[in-house]
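Worksheet for the structure shown next.
Note that these values count all heavy atoms, side chains included, but never hydrogens, waters or copies made by symmetry. Order of the sequence lines sets the chain letters (A, B, ...), proteins ahead of strands, with each chain counted from 1.
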Amino acid sequence: MNAKLAGRLGDAASYFFMIAMFVFFAGPLAWMLSLALRDKREIFLGMSRFIPKYPTIDNFISVFENSFFPTYLWNGLKLACLSGIGVLIVALPAAYAFSRFNFRGKGVSMMALLAVQMISPLVLMVPLYRYFKWLGALNDNFGLDTHFGVIMVYIALSVPFASWLLKGSIDAIPRSLDEAAMIDGCNRFAVFWRIILPLSGPGVASVFIITVIAGWSQFLVPFVLLSKTDLLPIAVGIFQFQGMQNASSTQLLAAACLISVVPAIVAFLLLQRLILGSLTAGAVKG
Amino acid sequence: MTATTMEGSRSLRETWFQRRFAGAPLPWLLPVIVVIGLFYLYPVLEVIRLSFTDSTLNKDGNYTLFSIVTALSSPQLPGVLLASVEFVGGSIVGQQLLGLALALVVIRGERRKLFGTTVLRTTALVAWVVPGIAGGIIWQMLFSEAPFGGLNSMLRLIHIAPVAWLSDPNIAPWSTVLSNIWRGTAFSMVVMYAALKAIDPVLYEAAEVDGASGSQQLRFITLPQLRMAILVNMILITVQTMNTFDAIISLTGGGPGRATEVIALYAYYTVFRNYDLSSGSVISVLMLVISMGLALAYAVFLPRETES
């Protein structure tokens, strides 16, 4: 009886904490939505008009009519997806080698991959800016103000993490399958292509989607490497947009912000189980 | 006969091919080696080299030790370090405590089938997915001191005087910490959740038999078992927070004054606003040393791969 009462009290305390936390995490997003749906007059009513009386989608329309916004969105999607593919091309073979070969310095090189991931991207961007400026002097297509440079840096930033995650999912494929295929006459390329790749599907998919979400959110790299407006991805686009707004156009900023946030959230929600599964599988084993 | 000969020569060629290329790890690792070399190793060496020069962003300079002295004795540096320590320290404490509390409540909620557990977990994760720039803008709209500012208009509803969230140099650092906790806590929650799930349930059963209360179980089983996970988590939060750039530049831009100018922002402004490449490189090397120290700590405490 006593234990039951304690359980009830515990549940009440849990609910109280859960509600407070829900308000903390959902509140800011709800506030952005509330502002984005208001017209100019209702903005000045603040929190007292949390649910707009005259909701409008005019703000979204005028953001899209801003000539550069569709371009920003397209650039953001393009950079994110191409870097997702690039990361797989670079990290998959390495993950296979880390999983299936035994070689001297394997542990050290995997640790080195973890270590470089901790380097601040800002530290890397200082020399990379000069690097791409130099490349651009050799060839216009590879220097500053090209998507090529941005994609290469996105790939580089995601490769260490992707190699670790993919190694984990290849480790989970039984080695006996490799051996059976080799006895049947497959070489290592064929094993990789016919056995490893199809069976590490979930790992590949989550690396791709995590890289795409990270690329969509990436700000510093394009901010440093790109200056032409028609090349900017969405994250830099809304930052520039923020700089152009004033107090009387907060509703437009909120709408623009919402447009940039929704694709990342939707992609995450659709694949939440997959992403979290692969993240926690390798993260904390002990 | 001909078929078997062809078969034989084909497998012979494959063996040669396999032995030559695919049988050794190096060809498989080559793309990663190239990427790490070009985008991590080269920049790191270059940034160290530049810190020993007097280069500007547009002009290569001569070798000198003078830049290191100037950058490290800059009157702005102590303030920047203090702002960074406040930002990182506040975020570590907040995210670790809140992340652990959330993980505990989510696990309890799952066990007792409480309503809304999944919703809460998902909401926290959604905040985590929000791009840094957007997060900064969202919190700026909340902290805004204009009549429509979210928090101040709420305070006005309950007749409390408005707070200068972003314009008071004593309050602004804690406002940025709050916004960072909002975005970062879900990561801690995930790590803590996985670590809690990994605790052997037998320990709790034994404690139950011995008549340990809930708080005793938390203190004598859960927390000691989580020690490693907490340590690793705090190192990772430190690295992530120290590298945070986008969420601050869109929230405060480093202001008011320099109250929220953390080290990443300072390095950026030094190089790309003042064109002072050499001082910026010195600051970058300083950041590098801190993150490599943390990486070393991480490597020491990481659960050993061989055990599994």
Kindly indicate whether the side chain of Pro162(B), heavy atoms from C-beta on, has any atom under 4.5 Å from the side chain of Glu145(B).
no
Turns out that what part of Met110(A) lies under 4.5 Å from chain B's heavy atoms comes down to neither
Counting heavy-atom pairs under 4.5 angstrom with chain A, the leader among Val119(B), Leu294(B), Leu98(B) is Leu98(B)
So, the part of Lys133(A) with a heavy atom under 4.5 Å from chain B: the answer is side chain
I'd like to know if the side chain of Trp182(B) and the backbone of Phe25(A) have a donor-acceptor N/O pair within less than 3.5 Å. yes
Chain A shares the most heavy-atom pairs under 4.5 Å, among Thr244(B), Leu142(B), Val239(B), Leu38(B), with Leu142(B)
- Check whether any side-chain heavy atom of Val44(B) sits under 4.5 Å from a side-chain heavy atom of Leu288(B), and report yes or no. yes
Main chain of Leu114(B), side chain of Thr117(B): is a donor-acceptor contact present, judged purely on distance under 3.5 Å? yes
Residue from Ala101(B), Gly214(B), Gly132(B), Gly109(B) scoring the most non-hydrogen pairs under 4.5 Å with chain A is Ala101(B)
**Report entry** Test item: Arg108(B) and Val105(B) side chains (from C-beta on) under 4.5 Å apart, heavy atoms
**Finding:** no
Quiz prompt | Any donor-acceptor pair under 3.5 Å from Tyr15(A) side chain to Phe115(B) backbone | solution = yes
Okay, Phe24(A) and chain B: the region with an atom under 4.5 Å from a heavy atom over there is both
Applying a strict 4.5 Å limit to non-hydrogen atoms, the region of Leu113(A) in contact with chain B is side chain
Whatever's closer than 4.5 Å to a heavy atom in chain B on Leu124(A) counts as both
task: Would you sort out whether Arg130(A) and Asp60(B) count as a salt bridge (Lys or Arg N to Asp or Glu O under 4.0 Å), showing the intermediate values?
output: CA-CA 10 Å; Arg130(A) 283 163 46 98; Asp60(B) 273 343; 2.9 Å; yes
### Query
Do the side chains of Asn233(B) and Phe187(B) get nearer than 4.5 Å, heavy atoms only?
yes
Counting heavy-atom pairs under 4.5 Å with chain A, the top scorer among Ser144(B), Ala127(B), Ala134(B) is Ala134(B)
So, the part of Phe17(A) with a heavy atom under 4.5 Å from chain B: the answer is side chain
Most contact-rich option vs chain A, by heavy-atom pairs under 4.5 angstrom, among Gln240(B), Arg49(B), Glu46(B), Arg112(B), is Arg112(B)
Most heavy-atom pairs under 4.5 Å with chain A, out of Arg183(B), Lys197(B), Met141(B), belong to Met141(B)
Honestly, the part of Ala95(A) sitting under 4.5 Å from a heavy atom of chain B is neither
Cut-off 4.5 Å, heavy atoms of chain B, and the answer for Leu35(A) is side chain
| Do Trp28(B) and Phe98(A) have ring centroids that are under 6.0 Å from one another? | no
inquiry  = Which label fits Trp134(A) and Tyr131(A): parallel for a plane angle under 30°, tilted from 30 to 60°, or perpendicular past 60°?
reply    = parallel
Under 4.5 Å to a heavy atom of chain B? For Val159(A) that would be side chain
